Every structure is written in structure tokens, then in C-alpha cells.
S.K.: 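Encoded as C-alpha cells, here's the structure I'll be asking about.
Proteins get letters first, then strands, A, B, ... in listed order; numbering begins at 1 in each. Please read these numbers as outputs of a predicted model, since none were measured by experiment.
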Number of protein chains: 2
Amino acid sequence: MKTPTLPLFDRPEGMTTHDYAFARLRQAIMVGSFRPGTSVTIRGLAEALESSPTPVREALRQLTSIGALQVLENRRIVVPHITPARFEELISLRIALESHAARRAVAHLTERQIERISAIDDSIEDEIRRGDQAAALIANQAFHRTIYTANPDQIVMPLIESVWLQLGPILGIAMEHVSELYVVDRHREAIDALRRRDEGAVADAIAADIREGIGGFDQQAIARLLKLAA
Amino acid sequence: MKTPTLPLFDRPEGMTTHDYAFARLRQAIMVGSFRPGTSVTIRGLAEALESSPTPVREALRQLTSIGALQVLENRRIVVPHITPARFEELISLRIALESHAARRAVAHLTERQIERISAIDDSIEDEIRRGDQAAALIANQAFHRTIYTANPDQIVMPLIESVWLQLGPILGIAMEHVSELYVVDRHREAIDALRRRDEGAVADAIAADIREGIGGFDQQAIARLLKLAA
DNA sequence: TTTGCGAAAATGTGATCACAAAATGAGATT
DNA sequence: AATCTCATTTTGTGATCACATTTTCGCAAA
């Protein structure tokens with residue numbers, strides 16, 4: 001199967017074909033629908049999306065330039081493989097970027113926004129209880145994104161999402177082999193710190209959340225997962 | 001003048017038209033050849049590069065997805081404007097990303113590589129003495145890049161270059177209004193710290209270098225520059 | 001069974017064209 | 001002089017086609 005099935009995705013009216021292709025592929029990669037090493041072809045995707053090569057190629061170019069896909073020497077496009085070293089690198093980058101983003105968001109968050117963030121955290125646990133891993137994952141990303149984007153002049157969010165995209169494939173594998181998502185309860189800690197406007201504590205909570213979440217897999221567990229992906 | 005003249009750029013044999021367009025535009029933006037607000041058209045660029053819309057459009061899409069260009073509501077593409085807040089955000093991001101990258105590069109740097117970095121630093125001062133601002137700028141970027149990319153599994157370099165690209169336009173304006181580039185001598189400090197394998201000191205030196213370099217312009221100076229760009 | 005060869009299919013690339021929407025500019029009207 | 005109107009031009013979008021390269025696969029030879 002060269003071209004995996006794409007998750008559902010409503011196409012907003014007025015959206016260009018190119019933007020639609022980009023958004024749909026991006027979403028698929030972000031939630032781990034593609035396995036590392038999967039090759040993606042322009043024509044295959046154009047057919048799947050019922051369009052033509054031109055807009056699909058543009059979408060693929062964008063995805064490669066943000067690290068979500070990789071172009072090989074022979075110009076073919078694949079979902080990047082993940083080595084343990086690369087994985088560790090991505091996690092440490094997440095910590096650096098997101099604790100920075102969280103710290104700089106604190107001053108901009110309103111009480112109302114903090115309540116909304118707290119509500120998102122509740123919905124994460126709902127989805128986990130319901131067993132919908134993909135939904136829990138998306139809600140978890142919304143939790144983080146809502147915090148960071150409170151800063152209106154922020155530049156960092158696209159960079160963070162680039163890292164998320166690069167973690168997507170390993171995340172998909174992990175979800176297949178973990179019967180149940182456990183989410184470390186650092187979110188409450190972060191929310192409390194937000195209420196206290198304690199920038200340092202917020203940054204620490206976010207860093208711990210990342211480290212103990214997906215980052216908490218030790219090298220052995222990752223190596224095992226990556227072998228499964230090969 | 002809608003489409004500014006592009007700096008010279010040799011086209012390596014075998015490079016695709018699209019890659020050439022991307023590399024050349026990227027380089028132009030990185031060294032500040034484009035002013036904020038400049039609008040870029042597909043056909044205009046295709047003509048300037050003696051090619052056709054298709055590869056140019058792909059290049060533009062990539063540049064927008066890494067923040068080097070911006071698509072407006074009417075789908076026109078422009079060089080982004082920079083506000084003082086955005087500028088400050090970019091500088092703080094540079095500090096966070098590059099001190100992180102520098103710290104994680106230390107363990108991978110060989111003596112030979114450190115000597116090479118030292119040689120690059122010498123070439124920066126040569127270019128400054130010669131008065132070639134663009135060359136000094138490129139050499140300065142090479143100094144930083146050579147340090148960070150010593151880490152073979154590093155993911156962070158594309159993100160750092162994204163930030164550099166977003167700073168490019170303001171940098172071009174600054175160069176027009178500064179008779180002489182002054183480079184704070186934190187490079188020697190960084191090199192010494194590299195030799196001592198002192199990760200913390202390396203990170204601090206890089207952070208100080210950024211802060212006291214372009215980041216050292218105070219809000220007033222930036223506001224004045226940004227007004228000139230309008 | 002394995003290896004080598006060649007035709008057929010698949011794939012990336014880039015130019016071109018038609019279409020729709022937006023911007024431009026000239027001329028008329030107030 | 002300022003504003004409105006409408007034709008013209010410019011611009012982005014996406015489908016299609018031709019070309020070159022790579023990959024795939026069947027078949028014959030070792």
C-alpha cells in the first residue's frame with residue numbers, strides 16, 4: 001500500500017485545492033497515520049484527493065520544507081525514519097521550544113483563557129476514558145497550542161508544530177502498541193502555575209509534561225518501537 | 001519595482017529549476033535584499049529567472065511555509081512587515097534556539113572543527129575591514145551554522161534558519177543605515193568555551209553574542225528603522 | 001534457484017493553457 | 001478636483017501534456 005488512507009477532513013468552502021491537500025496530509029502525519037518509510041507519490045495522492053499533480057506537488061514541497069516529509073536522492077518522497085538519537089533530539093527541542101513559548105505566554109493569558117485551557121484538559125481525560133487515542137492526542141495538542149498562542153506576536157508556534165510533525169510517525173506506532181494512553185498529570189500543575197502567573201513554574205510544568213509523556217519512553221522502548229516500524 | 005533584482009547565484013549542474021528558484025530567493029531574503037512589504041509575483045519571478053510559473057510557485061510556497069514570505073488574504077505574496085514586538089520575539093527565539101543548539105553541539109566538536117570555526121571568525125573580521133557587509137553577514141552565519149551542525153542528529157538548524165530568514169528584511173534595512181558593522185567580540189569567548197568543553201559558557205556566549213549584536217538595538221532604534229521601511 | 005537483460009510502467013519535472021478573481025487605469029459624472 | 005464606472009490588464013490557480021529518469025517485472029540464461 002503506497003498511499004495510505006487519509007483521515008476524514010472536511011473541506012471548507014473557498015479553500016484552494018492546494019491548501020486542502022496540505023491540510024489533510026499535515027493532519028494525517030501529525031496524528032501518526034503514516035508510518036516511517038512510507039513513500040508518497042504525487043500522482044497517487046492526486047488520485048486519492050481527486051485532483052491533479054500540480055496542487056499536490058506544492059503541498060508536498062511545503063511538507064518537506066517543514067520536516068514532515070523527506071526527499072530522497074532519487075527525488076522520491078517518504079515519511080522520515082526515526083532513529084533513537086533523532087527521537088531524543090526532537091524531545092529536547094520540544095522542551096526548549098515549548099518551555100520558552102509557555103513562559104512568554106503567561107503575561108498574555110486572561111482568566112477566561114485559563115478556564116478554557118482547563119476545560120480542554122478535562123476533555124483530554126474524557127477522550128482517554130472513551131478510549132479514543134487520536135481524539136485525546138488532538139485535544140492534548142490543543143491544550144499546548146492554546147497556551148502558547150495566547151502571546152499574539154508569537155513566532156514560535158509554527159516551529160513547535162514542525163517538531164510535532166516530525167514526532168507524528170513514531171507517535172502513531174506508539175499508539176498501536178500501547179493499550180491505554182496514560183497522561184501524566186502535569187497539566188493541572190501547569191494550570192495552577194498559570195493562575196499564579198508564575199512563569200518559571202509554568203515552564204517547568206510544561207517541560208516535565210513533555211519529558212514524562214512521550215519523552216518518557218526510555219531508549220530501549222524507543223529502539224523496540226523503531227524496530228517494529230522497520 | 002515589483003520584483004527586485006536578485007543577487008548573483010551560480011546554478012549547480014543537475015539542480016532542478018524549482019530548487020534553483022528556492023535557493024536563490026532564500027539567499028536574497030536571508031541577506032536582506034528584499035524590503036518588508038515588497039510584493040513578489042509568480043510571473044514576475046518566473047521571468048526574472050527565465051523559467052515558468054510552476055517551479056516558481058513551488059519555491060514561493062516553501063518560502064511561505066518557513067515564514068520567509070507571507071500570503072495575504074487576496075493570495076498575493078509579500079515580504080512580511082516587522083513590528084517591534086515581532087522583532088523582540090524573533091531575537092528571544094534566536095537566543096533560546098541557538099543557545100540550545102550550541103550546548104548540544106559541544107560534545108560533538110573536534111579540535112579540527114574548532115580551529116575551522118576560529119578561522120571563520122577571522123574571515124568575518126576581514127570582511128568587516130574590507131567593508132563588505134553582505135560577506136561579513138554570510139560569514140557570521142557560517143560561524144554559527146558550523147557550530148550547531150557539529151551535532152550530526154541535530155534537527156534544530158532548519159528552525160534557526162527560519163528565524164534568520166524572518167530577520168533578513170530588517171537586517172537589510174539596518175545595513176543601509178549603519179555605516180559600519182560592529183561585531184561584539186563574543187565569538188572569541190565562545191571559541192574559548194568550546195575549547196574548554198564548557199557547555200554552559202558556550203551557551204552563554206552565544207546568547208550574549210545575539211543579544212549584543214542585532215538584538216542589541218533598543219526598541220527606539222528598531223522603531224526608527226521600521227518607520228524607514230514603511 | 002539465481003542472475004542478467006530489456007521492455008513496460010511509474011514517477012518527478014516543468015512548460016503551457018484556460019479560467020476566475022483581483023487590481024489597474026482611463027474616462028465620465030458630480 | 002474628487003468620485004464612480006467599466007473595460008483592460010495583471011495575477012493566482014489548477015489541469016494537462018511531453019519529456020527524462022527511475023523503477024518494476026517478466027523472461028531467458030547460467
S.K.: Atom CD of B:E73 and atom P of C:dA22: how far apart are they, to the nearest Å?
M.R.: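 Value for this atom pair: 12 Å.
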S.K.: On DNA chain D, does the nearest nucleotide to A:R76 precede the nearest nucleotide to A:E50 from the 5' side, or the other way round? Give the residue.
M.R.: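 On the 5' side of the pair lies A:E50.
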S.K.: Tell me yes or no: between the side chains of A:Q154 and A:H108, is some donor less than 3.5 Å from an acceptor?
M.R.: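 There is no such pair between these side chains.
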S.K.: From D:dT22, C:dA22, D:dT13, pick the nucleotide closest to the side chain of B:R61?
M.R.: D:dT13
S.K.: Taking atom P of D:dG12 as reference, at what distance in whole Å does atom CD1 of B:I77 sit?
M.R.: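 Checked: the CD1 to P distance equals 6 Å.
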S.K.: Picking from D:dG12, D:dA15, C:dG14, which would you name as closest to the side chain of B:T16?
M.R.: C:dG14
S.K.: Checking A:R116 now: which residues fulfil salt bridge (Lys or Arg N to Asp or Glu O under 4.0 Å) with it, not counting sequence neighbours?
M.R.: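 Counting only residues at least two positions away or on another chain, A:R116 forms no salt bridge (Lys or Arg N to Asp or Glu O under 4.0 Å).
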S.K.: Between C:dA23, D:dA15, C:dA15, which nucleotide has the shortest distance from any of its atoms to the side chain of B:N74?
M.R.: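 So the side chain of B:N74 is nearest to C:dA23.
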S.K.: Output the rounded distance in Å from CG (B:L45) to C1' (C:dG14).
M.R.: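 In whole Å, C:dG14 C1' and B:L45 CG are 16 Å from each other.
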S.K.: Please state how far atom CZ in A:R57 lies from atom C1' in D:dA15, giving the value in whole angstrom units.
M.R.: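 From A:R57 CZ to D:dA15 C1': 12 Å.
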S.K.: Without decimals, in angstroms, what is the distance between A:L72 CG and C:dT13 C1'?
M.R.: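 Computing the A:L72:CG to C:dT13:C1' distance gives 17 Å.
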S.K.: For A:E115, does the CD atom sit with more than 12 other heavy atoms under 6.0 Å from it, leaving out its own atoms?
M.R.: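 Atom CD in A:E115 is crowded, with more than 12 foreign heavy atoms closer than 6.0 Å.
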S.K.: Given that B:P55 and B:R43 both sit by DNA chain C, which one's nearest nucleotide is further toward the 5' end?
M.R.: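 Nearer the 5' end of the strand: B:P55.
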S.K.: Whole Å only: how far is the CZ atom of B:R11 from the C1' atom of C:dT13?
M.R.: 11 Å
S.K.: Check the distance between C:dA15's C1' and B:L49's CG and give it to me in whole angstrom.
M.R.: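 From B:L49 CG to C:dA15 C1': 15 Å.
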S.K.: If you check every side-chain atom of A:S52, which of D:dG14, C:dT11, C:dG12 has the closest atom?
M.R.: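 Minimum distance to the A:S52 side chain belongs to D:dG14.
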S.K.: With no hydrogens and no angle check, do the side chains of B:S65 and A:S65 hold a donor and an acceptor under 3.5 Å apart?
M.R.: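 Yes, A:S65 and B:S65 have a side-chain donor paired with an acceptor closer than 3.5 Å.
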S.K.: Side chains of A:E127 and A:N140: donor-acceptor distance under 3.5 Å anywhere?
M.R.: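 There is no such pair (donor and acceptor under 3.5 Å, judged by atom type) between the side chains of A:E127 and A:N140.
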S.K.: May I ask you to evaluate whether A:T54 reaches the phosphate of D:dG14, defined as a side-chain N or O under 4.0 Å from OP1 or OP2?
M.R.: no
S.K.: Starting at the 5' end of DNA chain D and moving along, which residue's nearest nucleotide shows up first, A:S51 or B:I42?
M.R.: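 It is B:I42 whose nearest nucleotide is closer to the 5' end.
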S.K.: From C-beta outward on B:P53, which listed nucleotide comes closest to its side chain: C:dT16, C:dA15, C:dA18?
M.R.: C:dT16
S.K.: For C:dG14, does either OP1 or OP2 sit under 4.0 Å from a side-chain N or O belonging to B:T17?
M.R.: yes
